[in-house]
A.B. asks: 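Below is the structure I would like to discuss, written out as structure tokens.
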Amino acid sequence: MRIAPPFVAAACLLAVPAALIAQATKPAAASSDAAYIRKAEGGAPFSISKDARIARFDKDGNVNVVRDGSNDFTCASIPQMGIPAYCADKNAWDWMTSAMSRKDKPSNNEPGVAYMMQGGVHYETADGKIEMTPSAKTHNVKEPPHWMLMWPLDPAKTGLPTRPNASGAYVMFAGTPYAHVMVYENPARMKNLAGKGSSSKS
């Protein structure tokens, strides 16, 4: 295919009325946002995600809000961390924004709860240790649907294991400020005691 010189392309673009350009770009952006919202909502039961704020992270870890919410949760898709969809309350969202902006430790001062109903990926060494970032020494391991307690519990004091196991619960990133409890339990099967249920559109 022949590519037009830049100045020719620019001249053609200037000849198109601004209103037509706006009409051509707005629906595409709206469609992209709608698809992203559906993907991000899949992180938690719909009873939670339908009222959650939806946000994106840019390459520098800055947060861009796609949709405002009315509950305490924010949902996002974070493929750069192997996360198809992540829905978190305020404290767990603070944890994630700290990780995405590469802070030395999370900024939340209280435990938070986060859901990953689509599962995810973590980076594991040959001897089973989970690392925060991929390297030549790690391979990708798929995680099942799960939820998390975003708080650095000490395995030595709590008795929790530090690697995936048959019990379905362990401390990920143990010994670091970003340690948190992973619970391999599908949030889609959890029931809200307030009676709202846990149905999902995803």
Side-chain angles (χ1 to χ4, degrees), residues 35-36 38-45 49 52 54-64 73-108 111-190 202:
Y36 180 84
R38 286 194 298 272
K39 186 171 186 177
E41 283 183 335
S49 62
I54 306 297
R56 280 191 180 98
F57 286 102
D58 67 17
K59 62 182 179 61
D60 297 316
N62 299 309
V63 176
N64 300 300
F73 280 79
T74 301
C75 298
S77 177
I78 318 174
Q80 58 268 51
M81 290 189 70
I83 299 175
Y86 174 89
C87 290
D89 67 8
K90 181 183 181 304
N91 291 317
W93 183 253
D94 288 346
W95 187 100
M96 182 57 75
T97 57
S98 297
M100 291 298 294
S101 57
R102 302 175 183 85
K103 291 184 178 178
D104 290 338
K105 63 180 182 179
S107 60
N108 56 304
V113 170
Y115 297 100
M116 286 177 56
M117 204 160 70
Q118 306 305 315
V121 172
H122 68 244
Y123 314 113
E124 196 169 302
T125 61
D127 63 355
K129 183 181 179 182
I130 298 175
E131 303 284 356
M132 288 190 70
T133 55
S135 71
K137 297 180 180 179
T138 64
H139 61 280
N140 292 359
V141 176
K142 186 171 177 56
E143 298 165 347
H146 59 277
W147 63 276
M148 296 161 285
L149 179 64
M150 314 308 283
W151 195 245
L153 295 181
D154 185 347
K157 295 179 180 179
T158 62
L160 290 170
T162 59
R163 300 182 184 185
N165 61 89
S167 75
Y170 70 99
V171 178
M172 179 181 269
F173 308 146
T176 78
Y178 282 94
H180 60 281
V181 180
M182 298 278 287
V183 184
Y184 284 172
E185 176 182 36
N186 192 340
R189 301 162 77 178
M190 297 167 65
S202 62

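Atom set for the values below is all heavy atoms of this structure, side chains included, hydrogens, waters and symmetry mates excluded.
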A.B. asks: With side chains defined as the heavy atoms from C-beta onward, is the minimum distance between Ser49 and Met117 less than 4.5 Å?
C.D. replies: no
A.B. asks: Ignoring hydrogens, what is the shortest heavy-atom contact between Asp89 and Gly112? Give both atom names and the distance.
C.D. replies: OD1-CA, 3.4 Å
A.B. asks: Pair up each side-chain donor or acceptor in residues 126-137 with any protein partner under 3.5 Å, not counting sequence neighbours, and list the distances.
C.D. replies:
unit_1, atom_1, unit_2, atom_2, d
Asp127, OD1, Thr125, OG1, 2.4
Asp127, OD1, Lys129, N, 3.4
Ser135, OG, Lys137, N, 3.2

A.B. asks: Dump the intermediate steps for side chain to side chain contact (heavy atoms under 4.5 Å, CB included) on Leu149 and Val183, then the final yes or no.
C.D. replies: CA-CA 8 Å; Leu149 179 64; Val183 184; over 6 Å; no
A.B. asks: State whether the side chain of Asn165 and the backbone N or O of Ala169 hold a donor-acceptor pair below 3.5 Å, judged by distance alone.
C.D. replies: yes
A.B. asks: List the residues meeting salt bridge (Lys or Arg N to Asp or Glu O under 4.0 Å) with Arg56, not counting sequence neighbours, and say none if there are none.
C.D. replies: Asp33
A.B. asks: Show your working on side chain to side chain contact (heavy atoms under 4.5 Å, CB included) between Asn62 and Phe57 and close with a plain yes or no.
C.D. replies: CA-CA 5 Å; Asn62 299 309; Phe57 286 102; over 6 Å; no
A.B. asks: For a quick test of reading the model, state the closest non-hydrogen atom pair linking Val113 to Ala92 and the distance between them.
C.D. replies: O-CB, 3.4 Å
A.B. asks: Using side-chain heavy atoms (C-beta onward) and a distance below 4.5 Å, is Pro177 in contact with Pro152?
C.D. replies: no
A.B. asks: Hey, does Met96 have a side-chain heavy atom less than 4.5 Å from the side chain of Ile83?
C.D. replies: yes
A.B. asks: Atom CE of Met182 and atom CD of Glu143: how far apart are they, to the nearest 0.5 Å?
C.D. replies: 4.0 Å
A.B. asks: Where do His122 and Phe173 land on the side chain to side chain contact (heavy atoms under 4.5 Å, CB included) test, with the steps shown first?
C.D. replies: CA-CA 11 Å; His122 68 244; Phe173 308 146; over 6 Å; no
A.B. asks: What are the two closest non-hydrogen atoms of Val63 and Ala55, and how far apart are they?
C.D. replies: CG1-CB, 3.7 Å
A.B. asks: Which value, rounded to the nearest 0.5 Å, describes the distance between Glu185 atom CD and Met190 atom CE?
C.D. replies: 5.0 Å
A.B. asks: Any donor-acceptor pair under 3.5 Å linking the side chain of Ser77 with the backbone of Pro84?
C.D. replies: yes
A.B. asks: Could you state the interatomic distance from CE (Met172) to CE (Met150), rounded to the nearest 0.5 Å?
C.D. replies: 9.0 Å
A.B. asks: Rounded to the nearest 0.5 Å, what separation is found between the CE atom of Met116 and the CG atom of Asn186?
C.D. replies: 12.0 Å
A.B. asks: Could you tell me whether the side chain of Tyr115 and the main chain of Gly42 form a donor-acceptor pair under 3.5 Å?
C.D. replies: no
A.B. asks: Would one find more than 12 heavy atoms of other residues, nucleotides or ligands at under 6.0 Å from atom CG of Asp60?
C.D. replies: yes
A.B. asks: Please step through side chain to side chain contact (heavy atoms under 4.5 Å, CB included) for the pair Gln80 and Met100, ending with a clear verdict.
C.D. replies: CA-CA 9 Å; Gln80 58 268 51; Met100 291 298 294; 3.4 Å; yes
A.B. asks: Give, for atom NZ of Lys105 and atom OH of Tyr178, the distance between the pair rounded to the nearest 0.5 Å.
C.D. replies: 10.0 Å
A.B. asks: Checking Ser98 side chain against Lys103 main chain: does a donor-acceptor pair fall under 3.5 Å?
C.D. replies: no
A.B. asks: Over 60° means perpendicular and under 30° means parallel, so classify the ring planes of Tyr184 and Tyr170, tilted if in between.
C.D. replies: perpendicular
A.B. asks: Tell me, please, which residues at least two apart from Asp94 pass salt bridge (Lys or Arg N to Asp or Glu O under 4.0 Å).
C.D. replies: Lys90
A.B. asks: Quick one: does Trp93's side chain get under 4.5 Å of Tyr86's, heavy atoms only?
C.D. replies: yes
A.B. asks: Backbone N or O of Pro111 within a donor-acceptor pair of the Asn91 side chain at under 3.5 Å?
C.D. replies: yes
